[in-house]
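Worksheet for the structure shown next.
What you see below is based on every heavy atom in this structure, not just the backbone, and it leaves out hydrogens, waters and symmetry mates. Position 1 is the first residue of the sequence; numbering continues from there.
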Amino acid sequence: MALAVVRDLRDVRPLATAEELEQFETDVLAGFVLARASAGLADGTIRGDVGHLEQMRSWFGRPLWELDPPDADAYFGKVLRASPSGTRLGRSQALTTYFLFLELRHKVEIHRMTGRVIECPIDEMNRPRGSKDAALRIPPSGPEVKTLFAGWGGELATCRKFAPTARNYTASKLMSQVGLRVSEACKLDLTDIKWDLGRFGKLHVRHGKGARGSGPRERMVPLINGADRTLRWFIEDVWGQFDDDHTRPGAPLFPSERRCADGSSGRVGDDALRGGLKAAAMAHLPGWGDKLTPHVLRHFCASELYLGGLDLMAIQEVLGHSWIATTMRYVHVQQTRVEDAWVAGQQRAAKRLEGLLR
């Protein structure tokens with residue numbers, strides 16, 4: 001039998017001064033950030049959690065380890081009552097994670113300094129309800145998207161700024177063909193196109209979205225569904241109107257009209273691509289207007305690939321999802337299982353009745 005060292009939280013020690021507590025609180029938060037970084041979370045995710053904690057700290061006016069369930073009731077039930085569910089859930093999760101860190105790393109120390117025993121103020125009674133899952137996005141039909149790009153493509157012959165319009169057209173078409181995120185498209189370089197890989201060539205997406213804020217996840221996206229032809233046309237007929245050096249290291253696949261200090265083209269921003277898609281939708285698919293976004297095109301891509309015969313695991317690989325359940329939410333097809341079962345039941349009942357009447 002092994003012996004364990006037990007720390008008694010009931011030890012009576014002199015309480016810390018206000019200055020000592022302030023410094024300790026700063027050190028604890030720094031330790032929390034370092035622990036989350038060591039777990040592999042992306043910097044943006046960590047900044048988001050710290051931002052949530054700072055908002056609550058500002059409202060509470062004291063160290064967060066002094067929060068009790070009634071304080072959490074007041075904060076989430078009054079202060080955040082009208083806030084979006086995503087905000088409430090994110091803040092609740094950040095607070096729960098922070099208290100788990102305090103309990104694992106600093107429970108004894110906080111008791112010695114303050115006399116408090118750490119206990120998370122979020123419990124089953126006041127935990128914010130809801131889901132952080134993405135809202136259901138039903139994409140336009142295949143004929144509607146075909147109408148959009150047919151009209152947009154025809155516009156290229158007469159538009160005032162051919163190169164930017166063609167760039168926005170190409171990026172949006174890639175989103176509909178291979179499900180690129182708009183942030184991924186903006187960060188692609190010319191050298192990320194690997195024409196010699198696979199039967200159609202592949203895109204090396206170096207800045208894919210990581211699961212649960214874990215940071216960029218790379219993937220290789222095959223240029224299927226006509227994406228290879230889309231890219232060849234853009235590079236051969238359009239790209240040179242932005243820049244004349246295809247071999248420059250770091251040359252963006254989708255350049256901006258703005259120039260860098262050395263005279264080369266900068267990288268397009270997502271606002272330009274979003275704005276281009278919105279203007280095209282208003283002009284050529286007015287029924288969708290503001291509803292057609294890059295992410296909706298990503299849902300359209302998943303649905304069309306599924307209707308075209310790709311299985312869910314293949315679509316998951318193309319889109320870069322960590323979980324197959326996420327991919328399933330992206331596929332929107334005409335499911336008629338309930339209707340088919342009802343019709344079949346009616347047919348069986350009719351046959352039985354016919355047999356009885358004979």
Open item on the list: Parallel, tilted or perpendicular: which one describes the rings of Y98 and F32, with boundaries at 30° and 60°?
Closed with: perpendicular
- [ ] Check the hydrophobic clustering (I, L, V, M, F, W, Y; side-chain heavy atoms under 4.5 Å; chains of links allowed) and say if L319 and V331 are grouped together.
- [x] yes
Task: salt bridge (charged side-chain N to carboxylate O under 4.0 Å, His left out) contacts in which one or both residues fall within residues 18-38, not counting sequence neighbours - done: E25-R57
Task: Expected output: side-chain S303 to main-chain H299 donor-acceptor under 3.5 Å - done: yes
Task: Side chain E144, main chain S141, donor-acceptor under 3.5 Å - done: yes
TODO: Kindly indicate whether the side chain of L180, heavy atoms from C-beta on, has any atom under 4.5 Å from the side chain of L203.
DONE: yes
Task: Cationic N near anionic O, under 4.0 Å, R181 to D270 - done: no
Open item on the list: Checking the side chain of N225 only, and the main-chain atoms of A227 only, is there a donor and an acceptor separated by less than 3.5 Å?
Closed with: no
Open item on the list: With clusters defined by side-chain heavy atoms of hydrophobic residues (ILVMFWY) lying less than 4.5 Å apart, directly or transitively, does F200 cluster with M220?
Closed with: no
Open item on the list: Any heavy-atom pair between the side chains of L277 and W152 that's under 4.5 Å?
Closed with: yes
- [ ] Check step by step if side chain to side chain contact (heavy atoms under 4.5 Å, CB included) holds for R298 and M175.
- [x] CA-CA 6 Å; R298 184 168 157 85; M175 295 171 201; 6.0 Å; no
Open item on the list: How long is the straight-line distance from CZ of R91 back to CG of L80, given to the nearest 0.5 Å?
Closed with: 5.5 Å
Open item on the list: Could you see if F242 belongs to whatever hydrophobic cluster contains L156? Use Ile, Leu, Val, Met, Phe, Trp, Tyr and a side-chain cutoff under 4.5 Å.
Closed with: yes
Open item on the list: With rounding to the nearest 0.5 angstrom, report the CZ to CD distance, R167 to Q241.
Closed with: 12.0 Å
TODO: Would you check if there is a donor-acceptor pair between the side chains of D262 and S264 at a distance under 3.5 Å?
DONE: yes
- [ ] Mind listing the closest non-hydrogen atom pair of F99 and C120 along with its distance?
- [x] CD2-CA, 3.6 Å
Open item on the list: Take a 6.0 Å sphere around NZ of K278 and say whether it holds more than 12 heavy atoms from other residues, nucleotides or ligands.
Closed with: no
Open item on the list: Is the shortest side-chain heavy-atom distance between Y330 and L305 below 4.5 Å?
Closed with: no
Task: Min side-chain heavy-atom separation D68-R116 under 4.5 Å - done: yes
Task: Gap between atom CG of L41 and atom CD1 of I46 - 0.5 Å precision - done: 5.5 Å
- [ ] Let me know which of H321, E184, E317 forms a side-chain contact (heavy atoms from CB on, under 4.5 Å) with R219.
- [x] E184
Task: Check: F101 and H106 side chains under 4.5 Å, non-hydrogen atoms - done: yes
Task: Non-hydrogen atoms of G266 and C260 that approach each other most closely - done: CA-SG, 3.7 Å
- [ ] State, yes or no, whether a side-chain contact exists between S183 and H207 at a heavy-atom distance under 4.5 Å.
- [x] no
TODO: With rounding to the nearest 0.5 Å, note down the distance linking CZ in R206 to CG in D189.
DONE: 4.5 Å
Open item on the list: Count I, L, V, M, F, W, Y as connected when their side-chain heavy atoms are under 4.5 Å apart, and connections chain through other members. Are W233 and L174 then in the same cluster?
Closed with: yes
Open item on the list: Under a 3.5 Å threshold, yes or no: a donor from one side chain and an acceptor from the other, between S265 and R259?
Closed with: yes
- [ ] Check whether any side-chain heavy atom of L253 lies under 4.5 Å from a side-chain heavy atom of L231, and answer yes or no.
- [x] yes
Open item on the list: For the backbone of Q55 and the side chain of S58, can you confirm whether one donor and one acceptor N or O come within less than 3.5 Å of each other?
Closed with: no
- [ ] Look only at the side chain of N126 and the backbone of G77, and say whether a donor-acceptor pair between them is shorter than 3.5 Å.
- [x] no
Open item on the list: Would you say that D192 contacts K187 through its side chain, given a criterion of any heavy-atom pair below 4.5 Å between the two side chains?
Closed with: no
- [ ] Determine the minimum heavy-atom distance between K202 and G198, stating which atoms define it.
- [x] CE-CA, 4.4 Å
Open item on the list: Can you give me the closest heavy-atom contact between V221 and V318, atom names plus distance?
Closed with: CG2-O, 3.8 Å
TODO: Decide side chain to side chain contact (heavy atoms under 4.5 Å, CB included) for Y75 and D71; before the verdict, give the C-alpha distance in whole Å, the side-chain angles of both, and the deciding distance to 0.1 Å.
DONE: CA-CA 6 Å; Y75 185 71; D71 300 315; over 6 Å; no
TODO: Please name the pair of heavy atoms, one in A94 and one in L53, separated by the smallest distance, quoted to 0.1 Å.
DONE: O-CD2, 3.8 Å
TODO: May I ask you to establish whether R329 and W323 are in a cation-pi arrangement, using a distance under 6.0 Å from NZ or CZ to the six-membered ring centre and at most 45° from the ring axis?
DONE: no
Open item on the list: Test of understanding: clusters of I, L, V, M, F, W, Y form through side-chain heavy atoms closer than 4.5 Å, transitively. Do L34 and F24 belong to the same one?
Closed with: no
TODO: Can you label the angle between the W239 ring and the H246 ring as parallel, tilted or perpendicular, going by 30° and 60°?
DONE: tilted
Task: Minimum-distance pair of heavy atoms, taken over all atoms of V296 and P140 - done: CG1-CD, 3.8 Å
Open item on the list: Tell me whether E119 at atom CD has more than 12 heavy atoms from other residues, nucleotides or ligands lying less than 6.0 Å away.
Closed with: no
- [ ] Decide if atom NZ of K291 counts as having more than 12 heavy atoms of other residues, nucleotides or ligands within a radius under 6.0 Å.
- [x] yes
Open item on the list: Let's go through T114 and W65 carefully: what are the C-alpha distance in whole Å and the side-chain angles of both, what is the deciding distance for side chain to side chain contact (heavy atoms under 4.5 Å, CB included) to 0.1 Å, and is it a yes or a no?
Closed with: CA-CA 10 Å; T114 68; W65 59 67; 4.0 Å; yes
Open item on the list: Can you see whether Q177 engages T230 through a side-chain donor-acceptor pair at a distance of less than 3.5 angstrom?
Closed with: yes
Open item on the list: Tell me if the aromatic rings of F254 and F234 count as close, with their centers under 6.0 Å from one another.
Closed with: yes
Task: Side chain S92, main chain R88, donor-acceptor under 3.5 Å - done: no
Task: Gap between atom SG of C186 and atom CZ of R274 - 0.5 Å precision - done: 8.5 Å
Task: Audit row: L102, I110, side chain to side chain contact (heavy atoms under 4.5 Å, CB included) steps and yes/no - done: CA-CA 8 Å; L102 293 177; I110 289 176; 4.0 Å; yes
Open item on the list: For the CE atom of M113 and the CG atom of L21, what is their distance to the nearest 0.5 Å?
Closed with: 5.0 Å
